[in-house]
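Keep in mind that this is a model prediction, so the values were computed, not measured. We count ligands from 1, going down the list as the structure has it; atoms in each ligand are counted the same way.
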Amino acid sequence: MGDNIHLGDRDGVRTPMQWTSDRNGGFSRADPARLVLPPIQDPLYGFQAVNVEAQSADPYSMLNWMRRMLSVRKQHCAFSRGSFRLLYPVNRRILTYLREYECDGEMETILCVANVSRSSQAVELDLSSYAGRVPIEMLGGSAFPQIGKLPYLLTMPPYGFYWFLLASETRLPPWHVPAPEPLPELATLVLRNGLSEILETPRRNIIENEALPVYLPMRRWYAGKQEKLKSARISVTTALPGSTARPHVLPSMLAEIETVTSGGTDRYLLPLGYIREEDIITAMPQQLALARARRGRYVGFLTDAFVLDTFSFVIIDMLRSRATLPSSDGEVQFLPTEALDAVELGTEPPIRRVSSEQSNSSLIIEEKMVLKVIRRLLPGVHPEAEMGRHLTSLGYANAPRMYGEVARIGTDGTRHTMIMVQEFIHNQGDAWEWVLDTLARWIHHATIAEPAAAAGTTQEISHPQDELLSLAANLGKRLGEMHALLARPADDPAFSPETATVDDAEAWAMGARKQLEAAFAALQARSEWSNEAEARRAARLIGEHDRLLDRLDALAAAGVGTLRMRIHGDFHLGQALVAHGDVYIVDFEGEPSKPLAARREKSSPLRDVAGLLRSFDYAAAFANTAGPADLDEAGELRKQEIIRKFAPTCQSAFLEAYREAAYADGFRIAPEAEASLLQLFVLEKAGYEVCYEAANRPTWIPVPMNGLARIADELLSTPEGEASNG
Ligand SMILES: Nc1ncnc2c1ncn2[C@@H]1O[C@H](COP(=O)(O)OP(=O)(O)O)[C@@H](O)[C@H]1O
Ligand SMILES: O=P(O)(O)O[C@H]1O[C@H](CO)[C@@H](O[C@H]2O[C@H](CO)[C@@H](O)[C@H](O)[C@H]2O)[C@H](O)[C@H]1O
């Protein structure tokens, strides 16, 4: 600022500092004509246009940019003391180097990439030795796609640059959907006619003994990752008909895979289909392939039929015709609801896959319906299908309408729900993503944009904090309304509310005890923590085991006489869709690791409330590891203050709105019972989360572990019989 490149020698940088737009740029009150070297008057760079006062007020000015760069640089020793290693990408217009420095036992790695040319460039970097790490852009705090074994592609604007912190997997952004990892090597099967031939030897042996043992542990929906897989076999199959619209496509099959691990026997649904190589237009059929399959002159893949559009079309056709298909064990029934009749689809409706790598796999058909393949098959009535029908019949408007269910009824009468189809809710994402985005905006607002807001140069229409509080209140209101409906007397015994007895309270305490014991076992089994503080916290928590469990009975006893009814069962921010300024509740299947009967049990509605309270805590913990990395000490303090404030204020707004909406028509839970039960269920939920993360996302364990440690501290610091309002 203030350089005059037209002056000779070094005088160009010796012009006075342009402080303000006042006389002489605020540098001197003297008569401008009497200055030895007058400040720059140039219309572009003169002090009227460029000065410290104006630049301080603009968060995106050169001055503030420079401050942020300096502050980032100061926070990371790797910039000043780290090792320096040049990378040599093929594109020589891109300068790339790594800085690494070990600080407090942790290696910090920074990747710097600069486009030194005047045109946009693309570059492929070999970062395979950092596979699994997540590049976090250090100025804005945004996470980039995870590094894999393949070359890492970046596009750069003219003279653009990036500084990335190569962080651990826990910093993955919520939108991140990992590309499914293909099997390292695919066997080749030969098929003459239909898919049923895979059930014959030697093809069956190849699938069961070679492909599945590698394939299953790579799937997010496979819940046995912690145990050794002893065997996997195709236990039940149901042949689906072909599609009349696509006669060249080989009919798919509903295959049920029985797995045996040290933890027991499980059953998973893996619809199988065949796709010719020439028909493949996306990577997924190949990524999710179990084997190559040759059929006549065509080469193709035996793959998860979820990725084949024809599979979904056939399921919808079967539902519309209320079909029943014979299966190797019983029959598969296609059970539509009346609501399905009102939904019309085009001849080739577009299909969008939400993700194949969740607890279940969901896809969206023509933005009208969601088809969900249930992966872990359990015997019994499926709570989501049942709740969907019931809430639709009660006229509850904030959950998707149920369109149908596909279930296999075994020869012994056992039911296994395999697929569900429901209304698609147009949405702005789920509340988890929404909360994280809004929280990040709040932090940005308070740490970077606020000085500008104070100077009146920017205007936010609404404050992110207000938006968060309003979302929290909406969540409370809609959950409360749902519970108020479910608390009403019902003809169907599966839905009629009851009063909790002493036995129920004992069962609640027992359930929480088992869950916590499993969580302690998972914590004890973990040998490595990412830092000393975490390791100490885990050890301290484990040490509180007995004292904590001793408190459960008293907490549960406070629930005697309160209402037991059907509930959501696994309510968290990811189970609410944000749409039209409102929220919609989805995924009524309950906690996926429990048997169906347990998930259908009537329980306290406060379990759902506790689930959401925990979820705000998760969001706070997640936000703490994300967000702008360029904060100076004051900015970091403000960020911490926001994160500290966020969860409790949202939790209060949520609770208040919940009570107002739920406690009506004689359904009310007294404050003391409410406080004790919330403590019990929050504890149990945190225990569940530790186990869930251990089995599914082990790098996330610290999030619920830290939560559990804090809840335990709060509880143990209050004398027994006195509930803390944590
Ligand atoms: N009815 C729906 N309308 C729109 N999107 C939905 C609907 N149901 C589910 N989704 C989307 O699919 C995601 C996963 O659905 P969910 O039922 O939670 O599956 P899972 O049982 O695998 O967790 C949700 O977070 C949401 O983004
Ligand atoms: O959505 P699902 O039915 O598959 O539920 C399971 O997975 C959830 C994570 O996807 C898990 O939720 C936990 O992580 C969430 C953030 O990803 C957080 O908002 C929740 O509060 C936390 O419990 C859920 O417990 C599990 O059952």
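- Remark: among candidates D430, D587, L577, N360, the nearest residue to atom 26 (C) of ligand 1 is L577, based on non-hydrogen atoms.
- At the top of the distance list for atom 8 (N) of ligand 1, counting protein heavy atoms only, stands Q422 OE1, 3.5 Å.
- In Q575, the part holding a heavy atom less than 4.0 Å from any atom of ligand 2 is the side chain.
- Taking every heavy atom of Q575 and a limit of under 4.0 angstrom, the matching atoms of ligand 1 come to 18 (O).
- Of all protein heavy atoms, the one lying nearest to atom 23 (O) of ligand 2 is E689 OE2, 2.7 Å.
- With a 4.0 Å heavy-atom cut-off, ligand 2 is reached by no atom of N360.
- Neither the backbone nor the side chain of K594 comes within 4.0 Å of ligand 2, counting heavy atoms alone.
- Every N/O-N/O distance between Y618 and ligand 2 stays at or above 3.5 Å.
- When distances from atom 14 (C) of ligand 1 to the protein are checked, no heavy atom turns up under 4.0 Å.
- Ligand 1 has at least one atom lying under 4.0 Å from a heavy atom of K372.
- Checking side-chain atoms of T438 against main-chain N and O of P464 turns up no donor-acceptor pair under 3.5 Å.
- Remark: ligand 2 atoms within the under-4.0 Å shell around heavy atoms of R220 are 10 (O).
- Summary of contacts: the protein heavy atom closest to atom 1 (O) of ligand 2 is H572 NE2, 3.3 Å.
- Given atom 3 (O) of ligand 2, the protein heavy atom at minimum distance is D587 OD2, 3.0 Å.
- By the 6.0 Å contact criterion, CD on E656 is open, its count of non-hydrogen atoms from other residues, nucleotides or ligands being 12 or less.
- The shortest N/O to N/O separation between R614 and ligand 2 does not fall below 3.5 Å.
- Listed by number with element, the atoms of ligand 1 under 4.0 angstrom from any heavy atom of G574 are 25 (O).
- Note: no N/O pair closer than 3.5 Å links K685 and ligand 2 by distance alone.
- Numbered from 1 in the order shown, with element, the atoms of ligand 1 that lie under 4.0 Å from a heavy atom of V370 read 1 (N), 2 (C), 3 (N), 7 (C).
- The protein non-hydrogen atom at the shortest distance from atom 25 (O) of ligand 2 is Y688 CE2, 3.3 Å.
- Residue, atom and distance of the protein heavy atom nearest to atom 19 (O) of ligand 2 are S615 OG, 2.7 Å.
- Contact atoms of ligand 1 toward N427: 4 (C), 5 (N) (distance under 4.0 Å to a heavy atom of the residue).
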